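See below for the structure under consideration.
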Amino acid sequence: MAERGVRGGGSGGDSLDKSITLPPDEIFRNLENAKRFAIDIGGSLTKLAYYSTVQHKVAKVRSFDHPGKDTEQDHEPPYEISVQEEITARLHFIKFENSYMEACLDFIRDHLVNTETKVIQATGGGAYKFKDLIEEKLRLKVDKEDVMTCLIKGCNFVLKNIPHEAFMYQKDSDPEFRFQTNHPNIFPYLLVNIGSGVSIVKVETEDRFEWIGGSSIGGGTFWGLGALLTKTKKFDELLQLASKGRHANVDMLVQDVYGGAHQTLGLSGNLIASSFGKSATADREFSKEDMAKSLLHMISNDIGQLACLYAKLHGLDRVYFGGFFIRGHPVTMRTITYSINFFSKGEVQALFLRHEGYLGAIGAFLKGAEQDNPNQYSWGENYAGSSGLMSTSPELYPTQRARSGTFDLLEMDRLERPLVNLPLLLDPSSYVPDTVDLTDDALARQYWLTCFEEALDGVVKRAVASQPESTDAAERAEKFRQKYWSKLQTLRHQPFAYGTLTVRSLLDTREHCLNEFNFPDPYSKVKQKENGLALKCFQGVTRSLDSLEWEERQLALVKGLLAGNVFDWGAKAVSDVLESDPQFGFEEAKKKLQERPWLVDSYSKWLQRLKGPPHKCALIFADNSGVDVILGVFPFVRELLFRGTEVILACNSGPALNDVTYSESLIVAERIAAMDPIIHSALQEERLLLVQTGSSSPCLDLSRLDKGLAVLVRERSADLVVIEGMGRAIHTNYHALLCCESLKLAVVKNAWLAERLGGRLFSVIFKYEVPTK
Amino acid sequence: MGAGWLGSPMERHGGAAASGSAGESASGNAEARCAELLRRRTSSGSGAEAAEGVRRERPGSYSGPSSASRQRVEGLRKKRPLFPWFGLDIGGTLVKLVYFEPKDITAEEEKEEVESLKSIRKYLTSNVAYGSAGIRDVHLELKDLTLCGRKGNLHFIRFPTHDMPAFIQMGRDKNFSSLHTVFCATGGGAYKFEQDFLTIGDLQLRKLDELDCLIKGILYIDSVGFNGRSQCYYFENPADSEKCQKLPFDLKNLYPLLLVNIGSGVSILAVYSKDNYKRVTGTSLGGGTFFGLCCLLTGCTTFEEALEMASRGDSTKVDKLVRDIYGGDYERFGLPGWAVASSFGNMMSKEKREAVSKEDLARATLITITNNIGSIARMCALNENINQVVFVGNFLRVNTIAMRLLAYALDYWSKGQLKALFSEHEGYFGAVGALLELLKIP
């Protein structure tokens, strides 16, 4: 169906140089490896989708071939690091105005290396119009796909794979977007697509959907009738007019019919009794703005009313709106939301989608890629490569708006393994990983954005230092700096650009940007060194623990966990200390810790619990490399094993800061096993299992965890979850409710956050929770 | 005109909302005055009384001039308000006035009839047009009706709401207030103009709930028929201009029914019995929208003109049809090619904007509004599990295109499950209901 861009394009035939405001190779990225194409051509915007592979440098760790030998030599690292090339799959989506079609097709043809591709999936109202041009330019056969099927496939895909995809629009609140955490079961839902007309589709499963109704009064009515009434030709200009108009000058309101009496009758006088009713009774001129506003209200109200009637008939309360009438326009989202609230009395939610414009292209791509089973995988939005949601206030950020209107990108990475909910979540549908919503909390947002800006130099330095043999490291690091800096600036103005802004998303964006410029693991060498040092101390630490009385030992173990957690390169207060004092060690860290009672202190309850029967199985999410995992976590694990509790130790799949990765944890465990019979036998007997989380983030989203982990948690009937570290236990999951016992512990290594929590730097959080029966 | 404000379903049961305290006290006053006048008349004494009593009886209930009947006659008489008998419905665009013209006036009554009353009667019944835009729908006149024991004709008059000040002025000029009559009025204007009636015309309005009046009016008019013909009708083969027939419909099983009142806006009511109904919803896209948009798009000045233009236009030049997008039917969704995919959708293109006539635009406006009402009505019928839908309101006046389209659309999209019904006195039910309130006819 018809499409409409955010800004009227130039006339056709523009050359690429004139029209593309970004260098084309930054738009059509990884084109040389592109395999499969799909295209969604609307009335004015085209969305191109392709699947490509990205070659990345990855830091791999490997034990030396002769274990045991190196431990005697002080300067030998505990394992070796090698940088390897790895190929990952990525989906690219590019949105551009139809007027650039020819230039874009030329560019693609000139840069396409892969010749296996024979077919391009096409959808959208304009598909037939450009069929010949595409076939001629790209020498690909155009396969037409059904518009609505593509739309729904795309909708299912984004709802499943992008955590903050859907949002509610709230006018007069700052920001206007309220993102929804994805329901574990996205079905059933209603999709109301407002193109030139309106289609209302009930989606029941991945493959089952039904057109249940529609209306001819849609975006085409607004545009067509609006053009007749106001002599304004462009859709956006009509919306602009509407946003300035007063509909009460054209509409007959309840107060016009009732006079002042509506108040005594309990009627709202501002309700519209008859749209355009005044233009029938009053013999005068009406302003373009007023007529456009009246028209907008008329159409939005009508669509909202019908959507509510259909939702009621089918017993659905989730209604997603899409189509060019909606497409990121705050004016229409506002009127539609108002109408839905009015007609459903708040029972139905009007939901909008961040990537609504891409649904058709995504769906068409998926149709063509069915043999690759893209739906078997989990995908993640790449924050480095995606443009993000445009600003809602074109007047405030005209440049941003103009850019989005020209070219807009979405990139999604195929994740190695499917991600699922942690089976131990009390209520997966209400689980929100993040503790503070920075989109909502302006003060916290300002603080963290500044914090990340200030930390940027350090990260750049670290990145360069991690690749001493590379000649272009400095150059790439500078590009990384620019990219991440510009992301931070975008987020200052549009905190909602990538969904709910959180400390987690800021951290993840940084990781994505680092990866983008081939700094896969800037801390690999730091981690290597710290792991080596800590391993040397392991036996001393366990010996001294073993010499303690039981009760004393329990406290020492917990303090060890906490002291270990001080070693966090992600926290500026700590990295400053670590940079300046290489001698800073485990004992120094212990001294930094707050004395009991801690800021949050349920240690006594925990101790009491330990006096009882052992847990069946503990799931532990580890945090940092070195002292943290080796001298903090492993002795704690050892004690649990000793008690008869099985342990699943979960570490990140990919690198993030100095967090211990799964592959590092395997080596570390192996080395400890060589020194310690308890760990040794537990590994042998599979009472200690090492797993990966599926994540590469310093934070933890319990709704997106590696499927293998989830399976294991179920098999072993885990009844205790230990979450360690500021990123995993404070920035995220602080309020997470689990259906088993949980222990959340962290040292607050940030003065601002400590103050917010009512404490000081190096305050301790020790939160032991038992679910209420 | 209909209470077509954008509204959510509002639980409302018949009779509950209308009788506010203001109405009560007004009626109390009227009865007191009435009693006083009766005393005056009785003292003059007349044999005509009995005869009048006989005539007053409803058909079938006549039991001769026994003393019992005489008492009943007296009872009736005491309850009966003074002439003139009006019912007024002041909508957003049109004022609907029903006037009962007694044809059983005795010579004596005639003699006693005050000048102002006579003047009103003569003025209303001898003209078919009033002022610049007032019109009496002569074809709708109900003859030989017995109301409250009096026999007469019911007249149906309408004029634009913006002429309301002139109407009130006329009331003042004709000295209405001297008749000590009560004006029963419904519609939003009953509230809006209440003060003007009082200060300019020295007239007290009895304000009545418009939905109560609407239901009451419809049920009454349906029960008395249309001068021996059926009040309710439907269309057979509505899409086929050759075979299309307007046929009488007997509303044997009246309830439940969905009542769609299309005035300036639209109100939709689910009616389960005389006293049990609720407002389901409403839409602001109604008759006012059709006419308003037509005025803006074509420069027409009257509703009739707009309809006349529409009758000569071709909406498919303006609207984008399913076949314009898919080349034929959209089979995936079972949409026929002729269905409108986007109202005014072709007007997105400059060339097509330049190629359409005013008549085409008027037609498209009519089709758009009508289809939308049909669609909302159909959804309400489904949600309320009701299968007969009665469309009323002045939007349908002389508007066969809209009625046939509603009939067809309802039948097609419901696969024959829903029936669209219409009523001859389409826009006057509120006013009739107000008159019945005046006469306290339940």
Side-chain angles (χ1 to χ4, degrees), chain A residues 1-2 43 125 146 148-149 195-197 199 211 213-221 223-225 227-229 233 235 250-254 256-262 264-265 267 271-281 283 286 291 298 301-302 305-306 309-310 312-313 342-343 345, chain B residues 3-8 91-93 160-162 187-189 191-195 263-265 281 283-289 291-297 301 303 318-320 325 332-335 339-348 350 353 361 368 371-372 375-376 379-380 382-383:
Chain A
M1 304 220 171
D146 175 69
M148 204 47 78
T149 310
S196 50
S199 284
W211 185 89
S215 167
S216 67
I217 300 185
T221 315
W223 193 351
L225 193 48
L228 289 169
L229 291 171
K233 294 180 193 102
F235 181 76
V250 182
D251 290 341
M252 186 187 285
L253 306 185
V254 164
D256 297 321
V257 181
Y258 277 81
H262 60 87
T264 51
L265 292 169
L267 293 170
L271 294 179
I272 304 169
S274 174
S275 294
F276 286 90
K278 276 184 189 150
S279 58
T281 51
D283 191 19
F286 295 90
M291 287 189 290
M298 175 181 108
N301 283 331
D302 193 53
Q305 179 171 29
L306 279 167
L309 286 166
Y310 279 101
K312 188 180 171 197
L313 191 65
F342 179 84
F343 284 107
K345 293 183 193 149
Chain B
W5 63 85
L6 269 174
S8 47
T93 311
T161 304
H162 60 74
Y191 294 86
K192 185 177 178 178
F193 297 102
E194 184 184 18
Q195 202 55 39
S264 310
T281 191
T283 164
S284 69
L285 285 81
T289 315
F291 182 41
L293 281 174
C294 273
C295 291
L296 294 172
L297 293 171
T301 53
F303 181 73
V318 180
D319 295 338
K320 201 184 270 276
I325 299 175
R332 178 78 181 74
F333 285 165
L335 285 175
V340 183
S342 173
S343 296
F344 288 85
N346 281 342
M347 299 297 92
M348 290 187 277
K350 186 169 175 279
R353 277 202 297 275
L361 292 172
T368 302
N371 266 334
N372 190 59
S375 173
I376 292 173
M379 288 307 295
C380 291
L382 281 173
N383 272 327

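Here is how names work: the chains are called A, B, and so on, in the same order as the sequence lines, proteins then strands, and each is numbered from 1. As the structure is a computational prediction, the values presented were derived from the model and not from experiment.
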Shorter than 4.5 Å, heavy atoms on both sides: which option in D302(A), L229(A), D251(A), T149(A) has the most such pairs with chain B?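 With the most close heavy-atom pairs to chain B, the winner is D302(A).
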
Residue part contacting chain B, namely of L225(A), when any heavy atom lies under 4.5 Å: both

Taking the side chain as everything from C-beta on, heavy atoms only, tell me whether K192(B) gets closer than 4.5 Å to T161(B).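 Not touching, per the 4.5 Å side-chain cut-off.
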
With a 4.5 Å cut-off on side-chain heavy atoms, are F344(B) and L361(B) touching?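 Yes, close enough: below the 4.5 Å cut-off.
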
Where does N383(B) contact chain A at under 4.5 Å (heavy atoms): side chain, backbone, both or neither? both

T289(B) (side chain) donor-acceptor with S275(A) (main chain) under 3.5 angstrom: yes

Are the side chain of S279(A) and the backbone of G292(B) linked by a donor-acceptor contact shorter than 3.5 Å? yes

Most contacts with chain A, counted as non-hydrogen pairs under 4.5 angstrom, among D319(B), T368(B), L297(B):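 Heavy-atom pair counts peak at L297(B).
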
Counting heavy-atom pairs under 4.5 Å with chain A, which one of T301(B), L293(B), V318(B) comes out on top?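 Highest number of heavy-atom pairs under 4.5 Å: L293(B).
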
Which atom names give the shortest non-hydrogen contact between G213(A) and Y310(A), and what distance separates them?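 For G213(A) and Y310(A), the tightest heavy-atom pair comes out as CA-OH, 3.5 Å.
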
